[in-house]
Participant: 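Starting off with a structure, shown below.
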Amino acid sequence: MPGQKTPYYITTPIYYVNDVPHIGHAYTTLACDVLARFMRLDGRDVKFLTGTDEHGQKVEKSAQAAGVDPQSFTDRVSQNFRNLSPVLNFSNDDFIRTTEERHKLACQALWKKLLDNGEIYLGGYSGWYAVRDEAFYTESELTKQPDGKRIATASGAEVEWVEEPSYFFRLSAWQDRLLAFYEANPDFIAPETRRNEVISFVKGGLKDLSISRTTFSWGVPVPDDSDHIMYVWLDALTNYMTAAGYPDVESSDYSTYWPADLHMVGKDILRFHAVYWPAFLMAAELQTPKRVFAHGWWTNEGQKISKSLGNVIDPLQLVETYGLDPVRYFLLREVPFGNDGDFSRRAIVGRMNGDLTNDLGNLSQRVLSMIAKNCENAVPAPGAFTAEDEALLALSGGLPDRLREEYAVQAFNKALEATWDVIGAANRYVDDQAPWGLKKTDPERMKTVLYVLAETVRRLAILTQPVMPDSMAKMLDQLSVAADARGFESLATPLEAGAPVPKPEGIFPRYVEENPESA
RNA sequence: GGGGCCGUAGUUCAGUUGGUUAGAACUCACCGCUCAUAACGGUGCUGUCGCAGGUUCGAGUCCUGCCGGCCCUACCA
């Protein structure tokens, strides 16, 4: 193939191994997966990274409690996150673990660069520290308990007084340059409302950032000072560059994929990605990522999700109950990406039966059935197109550009809405043209109508692959579309007459509530 | 304390730079069709656009205040 593919590097956050995977993790990675698949189908050179954050005091303590060394402990629990990929059909190209040697090298290289540039100095830190939250708190953020112990008011985590020497990053010196950076790169932070928050935070003044610890040892050692390990966020954020080959800035991986096109994050960790990360990178004279998107949270049947409420949603359970593709579809269709959303049984069943079974599934089923029954199990050869035929084909023909626009700004719900507009138009076209009537009055016209519909279904299936890869593969199988003819470049090559179309089987079975009366 | 967001049909939400009778989906009712997973199509129903003022020839759409919900951030040890 002549010409170079445009690279697209997309990352999820690295997930803290001490957690059990929940819907939030699945949601973030799913969003990235859909973008990665879309870009691949659109001919881009995609690198899609996810992984686990394995350092920190919490992990060290958990390992201790489990009676194993931290490395064995993380080897085991990080598997929980790797297991997500096969079940949810994530297509990540790499899975990084912060305990890998390549990552240690990257972190230390970045550290040295910052040190050489005069961006790091040795100081001291003291304050109330909560191991569970891995955060310092001011006295005012604490509540004194009857037994004299202090807990963080917001999280309930116990705190202890900590005094230690610490290296600091001169974050305070970057305030103006960060603001200038946001100004010059208006698309760097999305959605808009988060961008406002970040800018307001930076305008409020930045303090130098403590970036090392001496009170525990499970982390990347600070170069030339073995008493210190690196603070979790400097360690964690660097993963994005590690996976792109850093510190080998001459490598083809690095020159191809860095800077990343998109860091996908939950809204809780936006600040680290939108403030600290670009500051670190600018201070090290490295390129900053192009965009950070902070998505929202899910509630469960209107309730805030929390471990103490016991209403945490297990993604594996979800897939078992509703099926993989319906879950993938629902999570991205139901909520404008960036907003919080509510996961309810009623809502997902409504989407499944309404959008998938009735609209899309039934469209392909009725079209393919008619072809199988009336055209000798093969795509018919069309005659001349009427204005109605052209109109429908033009609608699906305009869809790729529309989707490119929406996916470029991570507007999954709008992309799917636009797709379903075409599905609706196709169903309307079936009723208008009534091919079952043409069977007797004008069989040639019937063939043309069915051809137009088959071609429409083909295009819809190709374009919906990123969201529902398995189901759309089935649909394309039923149309006998070759495996190597399913990229977006194939949209321009219409369906060939004569392709076999056997009697189809339903792709989206109706979901019947086991107990519709409850609730 | 500072900053940001939101409050629109029963429900979930759209509503660009202010401009004719405020839209969609779902639900519901009726009609049509019968190819299809009792699926599809058509028609119809409901809204003081949180409240009160203001700017304007004209405001859901701008300004002020208030009420209600949410978020970021600071501080009061």
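So that the names make sense, note that chain A is the first sequence line, chain B the second, and so on, each numbered from 1.
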Participant: Using the C1' atom as the reference point in each nucleotide, state the distance between B:C63 and B:U56 in Å, no decimals.
Facilitator: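 After rounding to an integer number of Å, I get 12 Å for this pair.
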Participant: Rounding to an integer number of angstrom, what distance separates B:C75 and B:G68 when you compare their P atoms?
Facilitator: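 Looking at atom P only, B:C75 and B:G68 are 27 Å apart.
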Participant: Provide, to the nearest angstrom, the distance between the CG atom belonging to A:Asp268 and the P atom belonging to B:C71.
Facilitator: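 Rounded to whole Å, this separation is 13 Å.
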Participant: For RNA chain B, which ranges pair as stems of 3 or more consecutive Watson-Crick or G-U pairs, with both donor-acceptor distances under 3.5 Å?
Facilitator: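 RNA chain B forms these stems: B:1-7 with B:67-73, B:10-13 with B:23-26, B:28-32 with B:40-44, B:50-54 with B:62-66.
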Participant: Between A:His22 and A:His25, how do the two ring planes meet: parallel, tilted or perpendicular, split at 30° and 60°?
Facilitator: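 Correct class here is tilted.
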Participant: A:Tyr329 has an atom OH; how far is it from atom C1' of B:A25, in whole Å?
Facilitator: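 From A:Tyr329 OH to B:A25 C1': 11 Å.
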Participant: Going 5' to 3' through nucleotides 35-44 of chain B, assign each nucleotide B (protein heavy atom under 4.0 Å from a base atom), S (under 4.0 Å only from sugar-phosphate atoms) or - (no protein heavy atom that close).
Facilitator: BBB-SBBS--
Participant: Using the side-chain hydrogen bond (donor to acceptor under 3.5 Å, both in side chains) rule, collect all pairs that involve residues 454-465 of chain A, keeping only residues at least two apart or in two chains.
Facilitator: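 Only A:Ser396-A:Arg459, A:Glu455-A:Arg458, A:Glu455-A:Arg459 qualify under side-chain hydrogen bond (donor to acceptor under 3.5 Å, both in side chains).
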Participant: What's the verdict on side-chain contact (heavy atoms from CB on, under 4.5 Å) for A:Ser210 and A:Phe168, showing C-alpha distance, side-chain angles and the deciding distance?
Facilitator: CA-CA 4 Å; A:Ser210 168; A:Phe168 283 83; 3.8 Å; yes
Participant: Taking atom C1' in both B:G47 and B:U34, what distance in whole Å separates the two?
Facilitator: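 Going atom to atom, C1' in each nucleotide, I get 37 Å.
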Participant: With rounding to the closest Å, how many angstrom separate the C1' atoms on B:G23 and B:C45?
Facilitator: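 Per the computed distance, 15 Å lies between those C1' atoms.
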Participant: When the P atoms of B:U8 and B:G60 are considered, how many whole Å apart are they?
Facilitator: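 Between the two P atoms, the distance is 15 Å.
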Participant: Could you give the distance separating B:A22 and B:G50 at their P atoms, to the nearest angstrom?
Facilitator: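 Between the two P atoms, the distance is 15 Å.
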Participant: Please give, in whole Å, the distance from B:C72 P to A:Phe272 CZ?
Facilitator: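 For the pair A:Phe272 CZ and B:C72 P, the rounded distance is 12 Å.
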Participant: Please identify each residue that fulfils side-chain contact (heavy atoms from CB on, under 4.5 Å) with A:Asp432, with sequence neighbours left out.
Facilitator: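 In terms of side-chain contact (heavy atoms from CB on, under 4.5 Å), with neighbours along the sequence ignored, A:Asp432 is linked to no residue.
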Participant: Rounding to the closest angstrom, what is the interatomic distance between B:A52 and B:G10 at atom C1'?
Facilitator: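 That atom pair is separated by 28 Å.
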Participant: Taking ring-ring contact (aromatic ring centres under 6.0 Å, His included) as the cut-off, I'd like each qualifying pair that reaches into residues 372-423 of chain A, sequence neighbours left out, listed once.
Facilitator: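 As it turns out, the ring-ring contact (aromatic ring centres under 6.0 Å, His included) pairs with a partner in residues 372-423 of chain A, which skip direct neighbours, are A:Phe38-A:Tyr407, A:Tyr329-A:Trp420, A:Phe337-A:Phe412, A:Tyr407-A:Phe412.
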Participant: Using the salt bridge (charged side-chain N to carboxylate O under 4.0 Å, His left out) criterion, which residues pair with A:Asp431? Sequence neighbours excluded.
Facilitator: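 Scan of A:Asp431 (salt bridge (charged side-chain N to carboxylate O under 4.0 Å, His left out), adjacent residues dropped) gives A:Arg366.
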Participant: How would you list all residue pairs meeting ring-ring contact (aromatic ring centres under 6.0 Å, His included) that involve residues 353-374 of chain A, not counting sequence neighbours?
Facilitator: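 Matches after skipping sequence neighbours: none remain.
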Participant: Which residues satisfy the ring-ring contact (aromatic ring centres under 6.0 Å, His included) test with A:Tyr429, sequence neighbours excluded?
Facilitator: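 Scan of A:Tyr429 (ring-ring contact (aromatic ring centres under 6.0 Å, His included), adjacent residues dropped) gives none.
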Participant: Please encode protein proximity along nucleotides 1-15 of chain B as a string of B, S and -, counting only heavy-atom distances under 4.0 Å.
Facilitator: --SSS----------
Participant: Once you round it to whole Å, what is the distance between P of B:U27 and CZ of A:Arg351?
Facilitator: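 My rounded result for the distance is 11 Å.
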Participant: What donor-acceptor contacts under 3.5 angstrom involve side-chain atoms of residues 315-323 of chain A, with partners at least two apart or in another chain?
Facilitator:
residue	atom	partner	partner atom	Å
A:Thr321	OG1	A:Gln317	O	3.0

Participant: Out of the candidates A:Tyr27, A:Phe330, A:Trp297, only one should pair with A:Phe343 under the ring pair (Phe, Tyr, Trp, His ring centres under 6.0 Å) rule; please name it.
Facilitator: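 That would be A:Phe330; it is the only one of A:Tyr27, A:Phe330, A:Trp297 passing the ring pair (Phe, Tyr, Trp, His ring centres under 6.0 Å) with A:Phe343.
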Participant: Please, which pairs that meet ring-ring contact (aromatic ring centres under 6.0 Å, His included) have at least one residue in residues 450-481 of chain A, sequence neighbours excluded?
Facilitator: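 Sorted pair list comes back empty.
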Participant: Using the P atom as the reference point in each nucleotide, state the distance between B:C62 and B:C26 in Å, no decimals.
Facilitator: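 B:C62 and B:C26 have their P atoms separated by 30 Å.
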Participant: Please list all pairs meeting side-chain hydrogen bond (donor to acceptor under 3.5 Å, both in side chains) that have one or both residues in residues 259-269 of chain A, counting only residues at least two apart or in different chains.
Facilitator: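 For residues 259-269 of chain A, and leaving out neighbouring residues, the side-chain hydrogen bond (donor to acceptor under 3.5 Å, both in side chains) pairs sorted by first residue read A:Thr11-A:His263, A:Asp261-A:Lys290, A:His263-A:Trp277, A:Lys267-A:Asp340.
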